[in-house]
Amino acid sequence: MWRKAGRSGYKTSLKSLICDFSRDFVFDIVLPRSSVKLADNSKKMPIINMVTTIARMDGKVLKKKASLKMVILNENDDLVKKVQEDLFVMRHYYRVKSAEVLHETRELADRGDHLKA
């Protein structure tokens, strides 16, 4: 579904979306461990920058830019103790991970590698 685009980007294409239809994506982001202490003004960081291009049926092309910003906390910040897992996000994360496992298993079985599948 996603393919590499340039050095640090990815691209996907959805050929048709019906009116009032939405598509959700879950991104698995790994942040490297760092010993640098973040100041309060540098904790909110852009993680994903996105550009959406929509070609309408009437020929008009719409573009929208958005960015996902994440608040990075130091381990000893008081807020770290108060933050709870977002059940909505976790449910979708495990839904996507399950689909990936099923897809990989199907590919292994199709190749005849039943022990790994």
A.B. asks: Running the 4.5 Å side-chain criterion over Ile, Leu, Val, Met, Phe, Trp and Tyr, what cluster does Leu115 land in, apart from itself?
C.D. replies: none

A.B. asks: Distance-only criterion, 3.5 Å: show the donor-acceptor pairs between side-chain atoms of residues 57-70 and protein atoms not counting sequence neighbours.
C.D. replies:
unit_1, atom_1, unit_2, atom_2, d
Asp58, OD1, Arg56, NE, 3.3
Asp58, OD1, Lys60, N, 3.1
Asp58, OD2, Arg56, NH2, 2.5

A.B. asks: Begin with the C-alpha distance, continue with both residues' side-chain angles, and end with the deciding distance and a verdict on side-chain contact (heavy atoms from CB on, under 4.5 Å) for Arg3 and Tyr10.
C.D. replies: CA-CA 5 Å; Arg3 57 189 183 279; Tyr10 290 88; over 6 Å; no

A.B. asks: List in chain and number order the residues that pass side-chain hydrogen bond (donor to acceptor under 3.5 Å, both in side chains) with Arg95, two or more places apart in sequence or in another chain; answer none if no residue qualifies.
C.D. replies: His92

A.B. asks: Using a 3.5 Å cut-off and no angle test, enumerate the donor-acceptor pairs between side-chain atoms of residues 96-104 and protein atoms at least two apart in sequence or in another chain.
C.D. replies:
unit_1, atom_1, unit_2, atom_2, d
Lys97, NZ, Asp28, OD2, 3.2
Ser98, OG, Tyr94, O, 2.8
His103, NE2, Glu107, OE2, 2.9

